[in-house]
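Encoded as structure tokens, the structure appears first; notes follow it.
The chains referred to below are lettered A, B, ... by the order of the sequence lines, with proteins before strands, and numbering in each begins at 1.
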Protein chains: 2
Amino acid sequence: MQEQRIGSIRFQIDFSQPLYEQILEQIRSAIAKGEIGLGQKIPSVRELAHELRINPNTVMRAYQELERDGLTEKRRGQGTFVTSSKERVETFRQELAARYIDAFLSQMESLGYSWSDVAAYVKKKIDERSGERG
Amino acid sequence: MQEQRIGSIRFQIDFSQPLYEQILEQIRSAIAKGEIGLGQKIPSVRELAHELRINPNTVMRAYQELERDGLTEKRRGQGTFVTSSKERVETFRQELAARYIDAFLSQMESLGYSWSDVAAYVKKKIDERSGERG
DNA sequence: TTAAGTGTATTATATCACTTAATACACTTA
DNA sequence: TAAGTGTATTAAGTGATATAATACACTTAA
């Protein structure tokens, strides 16, 4: 499927992963990047389900996970909003980043790469990407 | 489940991932690290299934993937052996490492980390791990 | 008061990936 | 010939994912 904007959030849905995980990750990303401001409203369960043409229960599952992570708060009858706590977002961002790095280093370790090799390789790849976009 | 050795390969199986993927990754790791030498025999489908107490079909699936990656070769009636091509193993190792790094950088990008932040963060984490084991 | 829009819960159904099970066949080696 | 290889087939069960159809409690604005 192609990219789609609902509110200020970009969605790119395919079949490589569970739908609820993709929704979760993409909203989470928008919050972490500040593309949705603190305290701002995100689409309602029904609206997002309608726009993405998927079942409301599937959206619900993603929204429950966001709330469990402390990234959103619900207000009955009003909707779902990004947390107002800048600290909470920043903490979550760092925790997730730490998990990503640990998993990555474990993968490289499983291939027998030394730490100096990993450091050099990452630096090289980052330089390649820097050429593309700042 | 706890660690288990079959032949020269360490297996650590749990329920967090499909069984065939875990077998695939762990044999692949042993090959990449050189813990199983080039041309060396790996356990037969039936033997490994028996030792791990899982179905032979599940082991088969992992073995077919190893062969598709060019890491192993089968000899009818004899068994399955690690490829004799050092170059093939090294190429695969680099390709997989590249995939790991690209996926990792995409994850960090989705959290809004700048490349300089990523480089610094990885270096810090590597230093922490270096303290543990060279 | 009413209607529309919120999040939430429930029950049922369908599909698919994964795994097991039981066999059978072709080949190699001792 | 017997035992050990990889391989293929058919059948069945389980769990995660997703859909469908409702219903309820709450909030807001008309």
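Side-chain contact check for A:Ile126 versus A:Ser130: some heavy-atom pair is nearer than 4.5 Å. Between B:Ile54 and B:Ile23, some side-chain heavy-atom pair lies under the 4.5 Å cut-off. Between A:Arg129 and B:Asp102 there is a side-chain heavy-atom pair separated by less than 4.5 Å. Side-chain contact between B:Asp127 and B:Lys123 is present, with at least one heavy-atom pair separated by less than 4.5 Å. Using a 4.5 Å cut-off on side-chain heavy atoms (C-beta onward), A:Lys74 and A:Tyr63 make no contact.
Note on B:Thr80: every side-chain N or O is 4.0 Å or more away from OP1 and OP2 of D:dT5. Here B:Lys74 reaches the OP1 or OP2 of D:dT7: one of its side-chain N or O atoms lies under 4.0 Å away. A close approach under 4.0 Å does occur between a side-chain nitrogen or oxygen of B:Gln64 and OP1 or OP2 of D:dA8. Side-chain nitrogen and oxygen atoms of A:Ser44 include at least one within less than 4.0 Å of the OP1 or OP2 phosphate oxygen of C:dT6. Within the structure, every side-chain polar atom (N or O) of A:Thr58 is placed at least 4.0 Å from both OP1 and OP2 of D:dT17. For the pair B:Tyr63 and D:dG6, the criterion of a side-chain N or O lying under 4.0 Å from OP1 or OP2 is not met.
Relative to the side chain of A:Asn55, the nucleotides C:dT20, D:dT7, D:dA20 differ in distance, and D:dA20 lies closest. With distances taken from any side-chain atom of A:Pro18 to the nucleotides C:dT19, D:dA20, D:dT17, the minimum falls on D:dT17.
Pair check for C:dT29 finds D:dA2; Watson-Crick or G-U wobble, both atom distances under 3.5 Å. Nucleotide D:dA30 forms a pair with C:dT1, judged by Watson-Crick or G-U wobble geometry with both contacts under 3.5 Å. In this entry D:dA20 has C:dT11 as its Watson-Crick or G-U wobble partner, both defining distances falling under 3.5 Å.
Heavy atoms of A:Glu47 sit nowhere under 4.0 angstrom from any nucleic acid atom.
In this structure, A:Phe15 atom CZ and C:dT15 atom P are separated by 15 Å, rounded to whole Å. Rounded to a whole Å, the CD atom of B:Glu67 is 14 Å from the C1' atom of D:dT5. Atom-to-atom, OH of A:Tyr20 to P of D:dA16 comes out at 10 Å; the value is rounded to the nearest Å. B:Met60 places its CE atom 14 Å from the P atom of D:dT5, with the value rounded to the nearest Å. In this structure, CD of A:Glu73 is placed 16 Å from P of D:dT27, rounded to the nearest angstrom. Note: CG (A:Leu19) to P (D:dA20) measures 12 Å, nearest angstrom. Computed from coordinates, the A:His50 NE2 to D:dA20 C1' distance equals 16 Å when rounded to whole Å. Rounded to whole Å, atom P of D:dA20 lies 11 Å from atom CD1 of A:Ile54.
At a threshold of 4.0 Å, the pair B:Glu90-B:Arg93 counts as salt-bridged, since one of the basic side-chain nitrogens sits closer than that to a carboxylate oxygen.
Nearest heavy-atom pair, B:Pro43 versus B:Leu48, reported as atom, atom and distance to 0.1 Å: CB-CB, 4.2 Å.
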Where protein sits on nucleotides 23-30 of chain C, one letter per nucleotide: B base, S sugar-phosphate only, - none, heavy atoms under 4.0 Å: -B--BSS-
A:Thr83 vs A:Ser85, side-chain hydrogen bond (donor to acceptor under 3.5 Å, both in side chains): CA-CA, chis, key distance, verdict: CA-CA 5 Å; A:Thr83 178; A:Ser85 166; 4.8 Å; no
